[in-house]
Amino acid sequence: MAKGRPNSKRYKYPLPIHPIDDLPQLYPHNPISWIYWTYCYVKKVNALERKIKVELTGKKYVHILVKDNNDMLYLWENGFFGTGQFSRSEPTWLNRATNRLLPNDEDKKNQVALEKVTQIRRSQRAEFKKEREKMEAQLLELRKQGCTAEEEQEFIEKERETLRELRSKELLLSSIDNELKFRYEDNELFDDMGNIIQLESLELLPVEAIFLTFALPVLEIETDHLFRRLAGDPKNVNYKDIYGLIKKYVAYHHYRSHGWCVRSGIKFGCDYILYQRGPPFHHAEFCVMVLDSEEKHDYTWFSSIARVVGGVKKTFVLCYIERLISEQDILKLWRNGQYHKVFSSFKTSEIIYKRWISGKNRD
Amino acid sequence: MVTIYITKFDNGTYSDPCVFNVADLITLREKFNIYGNLSGTLPINTQQNNFLYLPLKISLDQSIYLVKLHSVNLKIFNQSNDNTINLLSNSTLNDNPNANGNDDNIGFIVTNDTNPNNENNSSDDILINEWLQYHQDKTRFTFPLYKKLLSEHISVLPGSRFGCRYVGYPGDPLKYHSQYLIHTPIDYHKDKLDLLSLISTARLGTVVKKSQVISGCISNNGSDNEVEVKLFTLEWCGFG
Amino acid sequence: MEIEVENETLKLVRNNLVHNLLWKEVEICDETISFEGEVLQLIVGRPVHDGEDIHETKVGKEYVLPVEMSQYQDGYLTLECIDQVFSKLCPSEVERIILAIANDDGTVVFYYIYKGLHKPRKNN
Amino acid sequence: MPGQFEKSNNKDDNDDDVDLKNSTNAVDSDLDEDEVHQDWSQVAKLTKKALKAKLPKRGEKEYEPDGTEIQDAMLVNARKAMYDTLFNSIRGSMLKNQVKAFYIPDRHVAIIPHPKGNFLQTIGRVDKTGICYLNFLEFLYLAERGTVTPFLCNDLNDITNGNEYQLSIQEIYSFFKSQNEMDNFQVYAHLKRLGFIVFPSNSFESGKTTFYPPTSIFKKYFAPSLFKSFYLRIGLIFSKYFNSIANDIFYSTSNFHYMKYLNSISIYKSLNKLIPYHKVPKSKLELLDQKFTIDQLTTTNREFELSFDVWKPQVNFKKKCPNLPDFQIVVYNKNDGSQHFPTYHDCQSIFNQLDYKFGFVQGKDDFDWDSHSYTDEKLRAEYLSSLKSKAKQSNASINTKVEGKKKKRKINSFPPHVQQKMRLKNGYRSFLLAVIDDGIISFTRMTESDFGSENVWYNPTNSKTKRPTRKK
């Protein structure tokens, strides 16, 4: 699709609303250039020519889906919004399926080779497993016979050596793994013309959809309608119904508006991860958990998340949300559809949570 | 018999249970698979934290278990009784049981772990029952969990640094790796699983190669003695 | 513009297993149980084994329970639910199910839940 | 350094997952801290007088019992090493070196009538008559080490009358006033064993060093510059008002049809007016501002108090008038139902109590804390030179020399975007939370950060000069 385009071109714009950056050159001594410039300035707008279609499915748990291939690509390339349902981030399933089921000749040759590699690897792994189990059984036997410590140590050394050798042989082969056979189920992937059907949609987080509706007019859906679907009929909601959503959105907007690419942190058991520019450019360095400023959790709750976050060498950020006006006032604003006033009535603060090792901080 | 020491503070709260005798430590370790944590300075090597000395701290669930089994002395010091005054008035320098006049230690002044007079006598049942009563709510779920783990031949150490209540071992931690990270039980019927923390829990388990154990408690007839515990193990599938 | 599809999540997880993870013999089971307004229904299938990463069950088949997760709403799953899935939706010899958590960010994540204790893998 | 934050352009986007799979090693090293293989036969090596029982080291930890006699024997040996070490750990001192310490129940302190020993450099408080006072934690710590022999007495008369009662360690434990004090002791002893210098926070009435100037100095030197910030504050109220108007316009449906945004940055600037954020103090002046306005405003209802001031190990520590501590610690027992992990507001109240070497105000290489802290209502540098009359030579410059052995690269020598990342990650004010779990201590550092004050959007014009290597 977008092969061969350098990232700086492909991801030129950080937001799906583009700036007006193609105004003509202005020559101070040439009045005609002024007029032309002014004409262009007046005529051009930031708003999208055509908003992006979304489908909302589900009842209590709403899913917000973008199904058009170009729209998916647009949202991905202009700010990295949404996640492909069968991909880890950018929707790439169609490409993968096409390569698998409709390969060109070059690919076909590789496929056969790959298939063999896969087979060999499988059997190697099975062999490794078998060998390891065998040696463990031998050790147990040895122990039962009452061997000396030296004998045992010797055996363990030998075992390690054997297993290491087996492993190193395995590593000689490529680690690309793929399932290549055409399967019965694959029939349902073809349309009448023999093309592969796009099964994958781009799914937007509720907060992403809010950002692309309420903050930037990108999605073809009314803000009121979106909030109604996500939080219920404004007339009947109470504070508890809307607060969860508000809390997450306030944090999302906060980080987005300061330039971060904010994506779901579910993989690491937290709310968000923050990228600078976006996934193709930098690793995410921050994991964010959004909390109410009065929220209480057990220490183990924190330490469990912190261990996962620390394990992938990221910084664990606690983002606290504090309400500045009364709950009744928030509800009133919400019912009047004054969402920006709702969101600006919450304040954010951050605390970095980090394990501290006493023995490593002595000098 | 093992002696567990507890202080009852003036505000009605209790101290954590402590054990002050090496022989008791051995009994707990070998007879009850209770290892506890040494928390005091090791006199022969006072400048490190890897190897420590008495007192041994054991968990509340473990001490309740031992007390209910009647296999320990529970010695509760009542702070308001101010035993310090008694100590002074009842004993003079000469018959001070802590004063060390051993022949083989001539010229060496020993500070003992315990006063022999305090050992081998348990506090009376009223005090002990008060103590059990005091902790009943707090241990409503964790105590049945502990008993359940014992019945599965799992012994435990505290687990906060792995983000759980207990780390579970198949045998003495001196020799065996831990296998389980065991979480505080939830209400089997009422409590909803927090899927987000379930995810980080399972991921952590993968990384440290231990099984994550979650559990639900069912109180039958509202009676605390009849809390049933159901265990489940959580594991990341390795895909998705 | 708006479509209400019954069991959208079930379909999503099924497609994920069949066309993304390339599982075999994937079928949606008929039996359901309801819990607090949510319908629980299993998908059964045979995973593609990638060496050691997945350790096989005796049955060879995996029972997958799709559940929904939202960023801003509480869940509905209790441990009683899980037990009922074991007792009412699975053959009796099944010792584990796979929890397929469909998050509202579009991702599905998969976790085994075993009845009772299950030791970690010995080597790795 | 900047390179480590970037990655190649063609890389897969699912690297985070790869991270997780490959992270085993990283966590393993962490794990070692938590699950140290306690081989008690190694204590002997650590100890000067080697123990009799020298055991052959046999195997590491194993997966589970396999029922063999060999494995049983290994377990027996491992246990024996532990038991032997514990049995052979006799606590006490030689008669000729004996230091007696007397616990006085009424005052919950101990006194040493004839203080001697190295420990006095960082422990206790000697009064004019030469008597050393130990707080309860110091007393128990020294008794546990065998450094002092613990006795009980009612008052000083008992000591002179010889009416003394030698205490056991367990008896001293029964003198704790609360579980919290017991937890504090564990943290205290843990840090002391590592060589840290530890005093309970607020244990210095006189001779206390503080970062915050006394009111007189504050009014004379700092209030004028804060007066400027008073105007700033009024400006803030106005900008709040303007923000709200700007938001009304930006979030109206017609925004992008009538307003023109010529670059992405201007869109960002409009977007980030929506969510107010907590501005944390980042400089000396901002800290003072915070301190003197907070003190006027809030009534202190503190659920969490600082427990300890901690100094890194150092030789020229001045016990009587120590410099600012390196860390401050709050202790929390996770199994005590009456306590909870601090909420955000609890953390705020702790941050506002802090008074230590706020590392982030150190800009220059030659930053001298003595010129930025106050002892006894005086600038500390002045206070110290007034002490010099007593022929005390060891002044701060020696201290800094010791500390400055390994030179850390100063933050402002890094390129701006790396500095920004460091500001976000290292944050500003911080405290240590010591968490107690049935005798196990773990520490967490809680640090204020401020993402609202930093913008990380990509600025194409900037990057051309900064990153010439990137392809256009």
Side-chain angles (χ1 to χ4, degrees), chain B residues 5 7 9 13 15-16 18 20 22 25-26 29 36-37 39-51 53 55 57-60 77 82-84 87-88 91 93 96 98-99 107-115 118 138 158 160-162 170-172 174-178 203 207-208, chain D residues 23-24 27 31 34-36 38 40 43 46-47 61-65 74-75 78-79 82-83 86-87 89-95 98 105 143-146 149-150 152 154 162 164-171 173-174 176 178-179 182 186 189-190 193-194 334 337 435 437-440 442:
Chain B
Y5 295 88
T7 309
F9 300 115
T13 61
S15 77
D16 285 349
C18 293
F20 278 94
V22 180
L25 172 145
I26 294 173
R29 191 166 205 106
N37 285 291
S39 68
T41 303
L42 185 69
I44 54 163
N45 201 321
T46 57
Q47 301 200 345
Q48 43 81 42
N49 285 307
N50 295 332
F51 301 98
Y53 189 68
K57 299 206 167 164
I58 61 176
S59 82
L60 204 52
F77 286 89
D82 211 2
N83 50 57
T84 57
L87 286 178
L88 260 188
S91 55
L93 183 63
N96 185 344
N98 291 325
F108 192 80
I109 310 294
V110 173
T111 301
N112 287 325
D113 296 327
T114 53
N115 178 340
N118 289 333
K138 207 168 107 186
S160 63
R161 280 190 290 188
F162 286 106
D172 194 321
L174 281 177
K175 198 60 213 159
Y176 304 105
H177 287 292
S178 60
R203 293 259 161 154
V207 173
V208 298
Chain D
S23 65
T24 324
V27 177
L31 223 158
D34 284 346
E35 217 194 359
V36 178
Q38 272 207 333
W40 283 78
V43 186
L46 295 169
T47 318
K61 278 197 186 190
E62 308 208 348
Y63 181 72
E64 62 188 351
M74 289 194 290
L75 175 59
R79 281 175 166 170
M82 178 190 189
Y83 302 157
L86 295 178
F87 273 127
S89 281
I90 309 290
R91 178 195 300 112
S93 54
M94 298 304 290
L95 185 58
Q98 188 187 23
E144 269 197 1
R145 296 179 100 239
T149 315
L152 176 68
N154 278 326
E164 52 190 38
Y165 172 87
Q166 194 185 336
L167 288 163
S168 68
I169 295 298
Q170 185 273 320
E171 281 165 327
Y173 268 79
S174 74
F176 275 119
S178 64
Q179 179 57 40
M182 208 159 148
Q186 222 197 322
H190 174 96
R193 286 191 286 262
L194 289 172
K334 77 168 262 285
V435 184
D437 180 16
D438 289 342
I440 288 187
S442 28

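A note on names: the letters A, B, ... follow the listed sequences, proteins ahead of strands, and every chain is numbered from 1.
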Legend entry - Heavy-atom proximity to chain D below 4.5 Å, by part of B:S15: both
Legend entry - Minimum side-chain heavy-atom gap D:E144-B:P55 below 4.5 Å: yes
Inset, instruction - Give, for atom CG of D:L75 and atom CG of B:D172, the distance between the pair rounded to the nearest 0.5 Å. - result: 5.0 Å
Legend entry - Donor-acceptor under 3.5 Å (D:E171 side chain, B:D113 main chain): no
Legend entry - Euclidean distance, B:Y176 OH relative to D:E62 CD, rounded to 0.5 Å: 6.5 Å
Legend entry - Backbone of B:T111 reached by a side-chain donor or acceptor of D:R91 within 3.5 Å: yes
Legend entry - Test: B:R161 and D:D437 ion pair at under 4.0 Å: no
Inset, instruction - Would you confirm whether D:D438, through its side chain, and B:K57, through its main-chain N or O, come within 3.5 Å as a donor-acceptor pair? - result: no
Inset, instruction - Heavy-atom distances under 4.5 Å only: say whether D:Q186 touches chain B with side chain, backbone, both or neither. - result: side chain
Inset, instruction - Could you have a look at D:A189, D:S178, D:G439 and say which one has the most heavy-atom pairs with chain B under 4.5 angstrom? - result: D:S178
Inset, instruction - Mind checking the OG-CZ spacing from D:S442 to B:F162? Nearest 0.5 Å is all I need. - result: 11.0 Å
Inset, instruction - Before giving the answer on side-chain contact (heavy atoms from CB on, under 4.5 Å), spell out for B:Y53 and D:L86 the whole-Å C-alpha distance, their side-chain angles and the decisive distance to 0.1 Å. - result: CA-CA 7 Å; B:Y53 189 68; D:L86 295 178; 3.5 Å; yes
Inset, instruction - Apply side chain to side chain contact (heavy atoms under 4.5 Å, CB included) to D:S93 and list each qualifying residue two or more places apart in sequence or on a separate chain. - result: D:Q98, D:T149
Inset, instruction - Kindly compute the distance separating CD (D:Q166) from CG (B:N115), expressed to the nearest 0.5 Å. - result: 10.5 Å
Inset, instruction - Just jot down the side-chain hydrogen bond (donor to acceptor under 3.5 Å, both in side chains) partners of D:R193, sequence neighbours excluded, or say none. - result: B:T41, B:N49
Legend entry - Nearest non-hydrogen partners of B:T46 and D:R145, listed with the distance: OG1-NH2, 3.1 Å
Legend entry - Proximity of D:F176 and B:F9 rings by center, below 6.0 Å: no
Legend entry - Atom of B:I26, atom of D:F87 and distance for their closest heavy-atom approach: CD1-CE1, 3.7 Å
Inset, instruction - For the residue pair B:K175 and D:P65, establish whether any side-chain heavy-atom pair is separated by less than 4.5 Å. - result: no
Legend entry - Shortest non-hydrogen separation from D:R79 to B:R29 and the atoms involved: NH2-O, 3.6 Å
Legend entry - Contact summary for D:Q170 and B:F77, nearest pair of heavy atoms: NE2-CE1, 2.9 Å
Inset, instruction - Step by step, work out the side-chain contact (heavy atoms from CB on, under 4.5 Å) result for D:I169 and B:N112. - result: CA-CA 6 Å; D:I169 295 298; B:N112 287 325; over 6 Å; no
Legend entry - Closest non-hydrogen atom pair between D:M82 and B:L174, with its separation: SD-CD1, 3.9 Å
